[in-house]
Amino acid sequence: MADSLNKFDGKPFLNLETVRKNGQSMKTPVWFTQDGDVIYVRTVAGSGKVKRVRNNGTVRIVPCEADGTPTGEWVAAQAVEVTDEGTANLVTGLLEKKYGEERVRQFAVATTARGDKYTVLKIELK
């Protein structure tokens, strides 16, 4: 598992493949951060990817370019939504360290201005 996680080190984006109820896969490039053997994605709580993970946490992930073009091999993983404040604060801090405090806060301001709220997806490799 460590070798599979190493491919994400230093990468700015990962492509998250989730599955709709009808079986169709959906691929979404996202910012992410790591803490040990766990990958975290912070995203809008009402987004399609969150709804799909709530329904079916079986996902695949791969490092990618900003446009979603894979830069490695897909790996199987399990995702769950995590809503506790402690994890949210941890993920915010990790994102600020990785992408820069100002950049992360700009996205947070825009999200709040739209009336949206964040949630966290916790992803662990299978």
Side-chain angles (χ1 to χ4, degrees):
M1 180 166 47
D3 287 341
S4 293
L5 276 173
N6 289 341
K7 69 172 70 180
F8 295 94
D9 289 347
K11 305 295 183 188
F13 301 97
L14 70 76
N15 200 327
L16 173 65
E17 182 183 57
T18 55
V19 180
R20 289 181 168 175
K21 288 181 183 179
N22 68 5
Q24 180 183 5
S25 67
M26 302 296 296
K27 297 173 182 168
T28 310
V30 293
W31 277 4
F32 73 99
T33 191
Q34 288 177 252
D35 186 33
D37 291 343
V38 178
I39 291 175
Y40 291 105
V41 172
R42 185 174 78 172
T43 189
V44 175
S47 67
K49 64 187 146 298
V50 172
K51 293 175 186 176
R52 292 187 293 273
V53 164
R54 288 176 188 151
N55 183 59
N56 179 357
T58 300
V59 300
R60 293 191 322 151
I61 57 175
V62 64
C64 70
E65 302 293 337
D67 66 359
T69 303
T71 60
E73 297 297 318
W74 289 93
V75 293
Q78 188 69 31
V80 295
E81 182 181 18
V82 181
T83 58
D84 70 274
E85 189 174 336
T87 301
N89 291 337
L90 168 70
V91 171
T92 297
L94 292 170
L95 287 169
E96 288 175 349
K97 182 177 178 183
K98 183 174 182 177
Y99 297 102
E101 188 175 326
E102 184 63 28
R103 197 169 176 195
V104 171
R105 289 188 187 205
Q106 286 174 344
F107 277 95
V109 167
T111 299
T112 302
R114 289 190 315 264
D116 292 327
K117 294 184 180 183
Y118 280 127
T119 194
V120 172
L121 299 178
K122 176 182 176 182
I123 302 171
E124 295 178 288
L125 300 187
K126 289 185 173 182

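Index from 1, following the sequence. Just so it is clear, the values below take in all heavy atoms, side chains as well, and ignore hydrogens, waters and symmetry mates. These numbers come from a predicted model, not from an experiment.
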Hydrogens and angles aside, do R42 and T92 bring a side-chain donor and acceptor to less than 3.5 Å of each other?
yes
So do [Y] and [X] actually touch side chain to side chain, heavy atoms under 4.5 Å?
X	Y	result
M26	R20	yes
I39	L5	yes
L121	V80	no
K49	V30	yes
D9	Q34	yes
D35	L90	yes
V41	V120	no
R60	V75	no

Short question: side chain of [X], backbone of [Y] - any donor-acceptor pair under 3.5 Å?
X	Y	result
N15	V62	no
T69	E65	no
D84	T87	yes
K7	T71	no

Within 45° of the ring axis of F32 and under 6.0 Å from its six-membered ring centre, is that where the NZ or CZ of K11 lies?
no
Mind checking the [atom1]-[atom2] spacing from [X] to [Y]? Nearest 0.5 Å is all I need.
X	Y	atom1	atom2	result
I123	Q78	CD1	CD	10.0 Å
L16	R52	CG	CZ	8.0 Å
T112	K117	OG1	NZ	9.5 Å
E17	W74	CD	CH2	5.0 Å
I61	T28	CD1	OG1	13.0 Å
D37	E124	CG	CD	8.0 Å

In this structure, would V44 and V50 fall into the same cluster of hydrophobic residues linked by side-chain contacts under 4.5 Å?
no
Does L125 share a hydrophobic cluster with L94, counting links as ILVMFWY side-chain heavy atoms below 4.5 Å and allowing steps through other members?
yes
Using a 6.0 Å cut-off, check whether atom CD of Q24 has over 12 heavy atoms from anything other than its own residue.
yes
Do E96 and R105 pass the salt bridge (charged side-chain N to carboxylate O under 4.0 Å, His left out) test, and can you show the C-alpha distance, the side-chain angles, and the key distance before you say yes or no?
CA-CA 8 Å; E96 288 175 349; R105 289 188 187 205; 3.3 Å; yes
For the pair T43 and Y118, evaluate side-chain hydrogen bond (donor to acceptor under 3.5 Å, both in side chains) and give the outcome as yes or no after the intermediate values.
CA-CA 5 Å; T43 189; Y118 280 127; over 6 Å; no
Can W31 and F13 be said to form a side-chain contact (heavy atoms from CB on, under 4.5 Å), step by step?
CA-CA 5 Å; W31 277 4; F13 301 97; 3.4 Å; yes
Search all heavy atoms of V53 against all heavy atoms of A79 and return the closest pair with its distance.
CG1-O, 3.5 Å
